[in-house]
Amino acid sequence: MLIYVSHPFSNKPKNKDKVEEIVRTLTLLHPENIYISPIHTFGFLYEDVSYETGLEMCFKLLDKCDKILLCDDWKNSRGCTAEALYAEFNHIEREELNK
């Protein structure tokens, strides 16, 4: 399964580190899955593209995935909430991970 890992970012290194630990742990526990982090795919563009463009890029990546994994304090993140709604609207399976 290809799984999109949605996690708050706000261009904070500590959030990137948290996602790395989540992906590392899940990959070791479930090597049959591939975990995709949009933070690691697009995070370096945070200051270079508009928020809307970045979100559209994330949606295109999410379209390729079988499932979205919503992590930590995702409900208080505008981007994660948008990704969750996009997944719901497009019938992409959702799961929550609270650490």
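Count residues from 1 along the sequence.
For the pair Y86 (side chain) and E56 (backbone), a donor-acceptor distance under 3.5 Å is absent. Listed for the T81 side chain is a donor-acceptor partner under 3.5 Å among the backbone atoms of S77.
Residues M1 and E32 fail the side-chain proximity criterion, which asks for heavy atoms closer than 4.5 Å. T27 is not listed as a side-chain neighbour of N33, based on a closest heavy-atom distance of 4.5 Å or more. No side-chain heavy atom of I68 sits under 4.5 Å from any side-chain heavy atom of E93. Residues E83 and E88 form no side-chain contact, since every pair of their non-hydrogen atoms from C-beta on lies 4.5 Å or further apart. A 4.5 Å side-chain heavy-atom check between M57 and L45 finds at least one atom pair inside the cut-off. Residues C71 and V5 are in side-chain contact: their nearest non-hydrogen atoms beyond the backbone lie under 4.5 Å apart. A heavy-atom distance below 4.5 Å is found between the side chains of T41 and L61.
Of all heavy-atom pairs spanning N15 and H7, the tightest one is OD1-CE1, 3.7 Å. Taking each heavy atom of N11 and G43 in turn, the nearest pair found is OD1-O, 4.3 Å. The two residues K64 and L2 have their closest heavy-atom pair at O-CD2, 3.3 Å. When all heavy atoms of I3 and C65 are compared, the closest pair comes out as C-SG, 4.4 Å. A pairwise comparison of heavy atoms in V19 and S37 identifies CG1-OG, 3.4 Å as the closest pair. The nearest pair of heavy atoms linking D72 to K18 is OD2-CD, 4.0 Å.
A salt bridge links E21 with R24; the closest basic N to acidic carboxylate O contact falls under 4.0 Å.
Figure legend: cation-pi geometry between R78 and Y51, with NZ or CZ positioned under 6.0 Å from the six-membered ring centre and within 45° of its axis.
Checked against the 6.0 Å centroid threshold, Y46 and F9 count as a close aromatic pair.
Rounded to the nearest 0.5 angstrom, D48 CG and F42 CZ are separated by 13.5 Å. Here the CG-NZ distance, from L55 to K60, works out to 12.0 Å after rounding to the nearest 0.5 Å.
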